[in-house]
There are 2 protein chains.
Amino acid sequence: MVETMKILAALETAGYRLTTPRRALAALIASRPGHFTADELVGEARRQRLGVTRATAFRSLEVLTELGLVERLDMPSGEHAFVACDPGGHHHHIVCSSCGRSAEIQDSGIEALAARIARQTGYRLDGHRLELYGLCSTCNAEQYQ
Amino acid sequence: MVETMKILAALETAGYRLTTPRRALAALIASRPGHFTADELVGEARRQRLGVTRATAFRSLEVLTELGLVERLDMPSGEHAFVACDPGGHHHHIVCSSCGRSAEIQDSGIEALAARIARQTGYRLDGHRLELYGLCSTCNAEQYQ
DNA sequence: TTTACTGCAAACATTTTGCAGATGT
DNA sequence: ACATCTGCAAAATGTTTGCAGTAAA
């Protein structure tokens with residue numbers, strides 16, 4: 001769970017202004033249990049009359065992505081989505097294809113695996129991405145009720 | 001290396017017609033050493049006067065993707081790209097961020113790793129994606145000349 | 001008071017679609 | 001012959017940008 005305050009604090013620390021739209025977006029993003037598309041975010045903001053433009057939403061998402069507070073995902077469907085996440089450490093996501101809830105995965109051995117592949121293929125790696133898709137335990141349980 | 005013939009054979013087997021545009025695209029795709037964007041593909045087709053429309057290119061890429069002859073990648077930059085690949089077995093790609101050359105990676109232990117994560121998180125996985133980015137040995141070598 | 005930020009609207013990029021005609025089988 | 005494909009052009013998406021005004025620090 002990512003809290004609004006953490007996002008705002010990070011923005012402030014990085015020298016960004018805490019504007020009304022940014023506060024609103026931070027709250028919205030923090031309230032999301034899982035991933036969301038830019039469009040969903042804007043829609044939700046509009047529904048709640050928060051007065052946040054599409055352009056501002058994109059601009060904020062960009063800033064937040066840079067700070068590592070949000071990450072961009074590419075769903076199997078091809079659509080782009082974002083997830084709030086803890087900045088700092090490199091990590092990966094596992095996302096529920098039903099409810100969208102997502103969890104962060106720390107190392108788990110992927111780094112080692114990537115290093116091994118690099119050695120085998122002769123590539124000098126400078127990045128990788130692992131995304132896992134499936135049903136979270138809740139959705140999985142519901143399916144059999 | 002993926003050959004034109006293989007692509008055409010797969011299309012035919014799947015019941016698709018071997019039209020002129022499809023033959024042209026198959027050849028273009030097979031000639032690519034690495035990944036390519038839809039736009040690059042169309043541009044190349046136009047340069048060679050192959051008479052392939054943008055719409056047709058997209059439609060063909062869709063078909064080829066369905067058949068597993070091509071896969072969609074999401075580059076770190078955010079742009080979409082495609083790579084020709086062997087259909088069948090689940091695999092992943094390692095792509096060179098300089099020349100675009102890409103190689104397929106067979107299992108390498110990712111499946112086991114994914115299974116372990118599934119167990120730990122309680123998710124029932126139905127898919128995952130691993131993409132590795134870096135410099136291939138050739139580009140890496142050139143950098144130090 | 002200064003500079004970052006926002007809204008607006010237009011521009012852009014990318015992918016999809018409807019339809020009439022061309023073409024593979 | 002007949003269904004599948006293609007080209008064309010328009011539409012639907014998704015994202016970015018310039019600029020003048022607003023607001024945070």
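A, B, ... follow the sequence lines: proteins, then strands. Residue 1 opens every chain. Since we're looking at a predicted model, the values are computed, not measured.
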> In whole angstrom, what separates B:Leu8's CG from D:dC5's C1'?
Replying inline: 15 Å
> To the nearest 10 degrees, how far apart in direction are the end axes of the helix from C:dT1-D:dA25 to C:dT25-D:dA1, each fit to five base pairs?
Replying inline: 40°
> Expressed in angstrom and rounded to an integer, what is the separation of B:Leu11 atom CG from C:dT25 atom C1'?
Replying inline: 15 Å
Please tabulate, for side-chain N and O atoms in residues 56-70 of chain A, each donor-acceptor pair with protein atoms closer than 3.5 Å (sequence neighbours left out).
| unit_1 | atom_1 | unit_2 | atom_2 | d |
| --- | --- | --- | --- | --- |
| A:Ser60 | OG | A:Thr56 | O | 3.0 |
| A:Thr65 | OG1 | A:Leu61 | O | 2.6 |

> Going by side-chain heavy atoms closer than 4.5 Å, which hydrophobic residues are tied to B:Tyr133, directly or by a chain of links?
Replying inline: B:Leu73, B:Met75, B:Val83, B:Val95
>> Rounded to whole Å, please give me the gap between CG in A:Leu61 and P in D:dG14.
In response: 14 Å
> salt bridge (Lys or Arg N to Asp or Glu O under 4.0 Å) with B:Arg47: which residues, sequence neighbours excluded?
Replying inline: B:Glu44
Give every donor-acceptor pair under 3.5 Å between a side-chain atom in residues 14-26 of chain A and any protein atom, sequence neighbours left out.
| unit_1 | atom_1 | unit_2 | atom_2 | d |
| --- | --- | --- | --- | --- |
| A:Thr19 | OG1 | A:Arg22 | N | 3.3 |
| A:Arg22 | NH1 | A:Arg17 | O | 2.9 |
| A:Arg23 | NE | A:Leu18 | O | 3.4 |

> In B/S/- notation, 5' to 3', how is nucleotides 20-25 of chain D contacted by protein heavy atoms closer than 4.0 Å?
Replying inline: ---BBS
>> Restricting to ring pair (Phe, Tyr, Trp, His ring centres under 6.0 Å), what partner residues turn up for A:His128, sequence neighbours left out?
In response: A:His90, A:His92
> Are the side chain of B:Glu12 and the backbone of B:Ala9 linked by a donor-acceptor contact shorter than 3.5 Å?
Replying inline: no
> Which residues satisfy the salt bridge (Lys or Arg N to Asp or Glu O under 4.0 Å) test with A:Asp39, sequence neighbours excluded?
Replying inline: A:Arg54
>> With a cut-off of less than 4.0 Å, is there a side-chain N or O of A:Arg22 near OP1 or OP2 of C:dA4?
In response: no
>> According to side-chain hydrogen bond (donor to acceptor under 3.5 Å, both in side chains), who are the partners of A:Asp126, at least two apart in sequence or on a separate chain?
In response: none
>> Show every ring pair (Phe, Tyr, Trp, His ring centres under 6.0 Å) that has at least one partner inside residues 93-118 of chain B, sequence neighbours left out.
In response: B:His91-B:His93
>> List the residues meeting salt bridge (Lys or Arg N to Asp or Glu O under 4.0 Å) with B:Arg129, not counting sequence neighbours, and say none if there are none.
In response: B:Asp74, B:Glu131
Contacts under 3.5 Å, N or O only, protein and nucleotides 11-21 of chain C:
| unit_1 | atom_1 | unit_2 | atom_2 | d |
| --- | --- | --- | --- | --- |
| C:dT15 | OP1 | B:His80 | ND1 | 3.2 |

